[in-house]
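Contents: one structure, followed by commentary.
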Protein chains: 2
Amino acid sequence: MPVKNEFEEEQIDLLFHALSDRTRRDIMGKVSEGEQSISDLARQYEMSFAAIQKHVSVLEKASLITKRVEGRQKLVSNNPETLRRATELLADYERIWTHRIDAIGRILDEEQERKEQ
Amino acid sequence: MPVKNEFEEEQIDLLFHALSDRTRRDIMGKVSEGEQSISDLARQYEMSFAAIQKHVSVLEKASLITKRVEGRQKLVSNNPETLRRATELLADYERIWTHRIDAIGRILDEEQERKEQ
DNA sequence: ATAAGTTACAACCAAATGGTTGTAGATATG
DNA sequence: CATATCTACAACCATTTGGTTGTAACTTAT
């Protein structure tokens with residue numbers, strides 16, 4: 001186990017893959033300002049409705065967004081919990097991959113460096 | 001500009017794409033314990049040398065690792081700076097996409113307000 | 001009831017991805 | 001020198017990805 005985290009490897013694949021596309025990152029930004037239907041989103045891009053629908057689906061499979069039914073439309077909003085866990089995950093990777101001991105150790109080191117300057 | 005960050009969008013694509021594969025994340029872990037040649041790495045996986053070479057190449061294009069020539073071999077080590085910036089980037093996205101206003105953000109905002117008066 | 005709006009999904013296509021094998025060029029070692 | 005090791009890279013292949021159009025179903029409005 002490289003990183004002790006609640007994520008499954010499969011889920012991590014989906015997460016980073018979802019974030020690796022500009023349009024999808026942009027959608028994340030748009031829905032963060034309020035729920036939007038898939039049509040609302042599609043109108044803001046120069047690609048087909050189906051293309052945006054697929055991007056939303058990729059984000060949904062990564063649990064980065066959720067859809068809510070409202071009449072004939074599905075309202076898309078983002079999922080702060082997954083974002084929080086993703087940020088934590090990458091911070092964990094950073095710590096492990098760079099042999100950083102832990103947050104407290106780092107703060108103490110930086111404290112030390114400041115004093116020595 | 002969704003996130004004010006030193007990364008270009010293209011670079012962000014490469015970054016998250018590089019991280020979206022288990023083998024590549026595993027390589028990041030292995031090289032974090034010390035430099036390894038590509039052959040060293042390849043021996044630890046049940047896939048061809050060329051496959052590992054390609055994975056290393058993807059990590060290199062994302063600036064997550066660097067290669068150093070040592071005789072007939074190339075020693076791979078990871079790039080802590082990119083990892084640090086990647087973690088920051090995702091933290092920025094989290095903050096922006098979830099409208100979180102943290103202590104640092106508030107301090108900077110207040111700083112700005114003071115200057116503008 | 002009809003029409004318009006919204007979504008889901010299938011079928012298709014070109015390009016990218018993740019793997020393979022094979023070949024060739026350096027570099028080290030007997 | 002001859003041979004083994006290490007890397008680069010091309011060619012190939014199957015699958016996935018990111019896009020398209022088209023069709024069907026459901027919901028709302030006229």
Side-chain angles (χ1 to χ4, degrees), chain A residues 8-31 34-79, chain B residues 8-31 34-79:
Chain A
E8 301 285 343
E9 286 292 305
E10 171 69 23
Q11 197 57 24
I12 302 177
D13 291 354
L14 293 177
L15 235 180
F16 287 127
H17 170 66
L19 292 173
S20 73
D21 181 278
R22 271 164 253 216
T23 303
R24 287 193 291 264
R25 290 194 300 272
D26 202 66
I27 289 174
M28 289 297 291
K30 292 229 198 289
V31 300
E35 285 181 321
Q36 299 204 35
S37 73
I38 306 180
S39 290
D40 287 342
L41 288 169
R43 265 180 236 112
Q44 306 173 63
Y45 296 92
E46 290 185 343
M47 64 183 84
S48 68
F49 171 83
I52 295 299
Q53 205 177 24
K54 280 192 187 180
H55 281 305
V56 168
S57 166
V58 170
L59 289 169
E60 190 180 23
K61 272 165 191 143
S63 300
L64 282 166
I65 59 108
T66 53
K67 289 192 284 188
R68 179 171 77 80
V69 179
E70 172 116 336
R72 67 184 155 187
Q73 52 192 5
K74 297 256 179 107
L75 297 182
V76 177
S77 53
N78 66 11
N79 188 342
Chain B
E8 300 286 343
E9 287 291 305
E10 172 68 24
Q11 198 57 23
I12 302 177
D13 290 353
L14 294 177
L15 236 181
F16 286 127
H17 169 66
L19 292 173
S20 74
D21 181 278
R22 273 165 252 214
T23 303
R24 287 193 291 264
R25 290 193 300 271
D26 201 67
I27 290 174
M28 290 296 291
K30 294 229 198 289
V31 300
E35 284 182 322
Q36 299 204 34
S37 72
I38 306 180
S39 292
D40 288 340
L41 288 170
R43 266 180 236 110
Q44 307 173 62
Y45 296 93
E46 291 185 342
M47 64 183 85
S48 68
F49 171 83
I52 295 298
Q53 206 176 24
K54 280 192 188 179
H55 281 306
V56 168
S57 165
V58 170
L59 288 169
E60 191 181 22
K61 273 166 192 142
S63 300
L64 282 165
I65 59 109
T66 53
K67 288 192 286 191
R68 179 170 79 79
V69 179
E70 173 116 335
R72 67 184 156 189
Q73 52 192 5
K74 296 259 179 104
L75 297 181
V76 177
S77 54
N78 65 12
N79 188 342

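Lettering follows sequence order; numbering is per chain, from 1.
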(request) Scan residues 10-22 of chain A for pairs that pass salt bridge (charged side-chain N to carboxylate O under 4.0 Å, His left out), counting only residues two or more places apart or in two chains. (result)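 Only A:Glu10-B:Arg22, A:Asp13-B:Arg22, A:Asp13-B:Arg25, A:Arg22-B:Glu10, A:Arg22-B:Asp13 qualify under salt bridge (charged side-chain N to carboxylate O under 4.0 Å, His left out).
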
(request) Mind checking B:Arg43 for me? I need base, sugar-phosphate or nothing, with any heavy atom below 4.0 Å counting as a touch. (result)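 Sugar-phosphate: the residue B:Arg43, judged by heavy atoms under 4.0 Å, touches backbone atoms but no base.
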
For the pair made of [atom1] in [X] and [atom2] in [N], what is the distance, rounded to whole Å?
X: A:Ile65; N: C:dT7; atom1: CD1; atom2: C1'; answer: 14 Å
X: B:Glu10; N: C:dA16; atom1: CD; atom2: P; answer: 11 Å
X: B:Ile52; N: C:dT20; atom1: CD1; atom2: C1'; answer: 13 Å

(request) Would you check if the side chain of B:Arg24 reaches a backbone N or O of B:His17 as a donor-acceptor pair within less than 3.5 Å? (result)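 Here the side-chain-to-backbone pair exists.
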
(message) Quick check on salt bridge (Lys or Arg N to Asp or Glu O under 4.0 Å): which of B:Arg68, B:Lys74, B:Lys67 does B:Glu35 satisfy it with?
(response)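 Among B:Arg68, B:Lys74, B:Lys67, the one that satisfies the salt bridge (Lys or Arg N to Asp or Glu O under 4.0 Å) with B:Glu35 is B:Arg68.
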
(request) Measure the OG1-CG distance between B:Thr66 and B:Leu75 for me, rounded to the nearest 0.5 Å. (result) 10.0 Å

(message) Quick check on side-chain contact (heavy atoms from CB on, under 4.5 Å): which of B:Asn78, B:Val76, B:Thr23 does B:Met28 satisfy it with?
(response)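 Among B:Asn78, B:Val76, B:Thr23, the one meeting side-chain contact (heavy atoms from CB on, under 4.5 Å) with B:Met28 is B:Asn78.
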
(message) I'd like to compare against my own output: the B/S/- annotation of nucleotides 7-18 of chain D with a strict under-4.0 Å heavy-atom distance to protein.
(response) BBB-------SB

(message) So A:Phe16 and B:Leu15, do their side chains get closer than 4.5 Å, heavy atoms only?
(response)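 SC-SC contact between B:Leu15 and A:Phe16 ruled out.
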
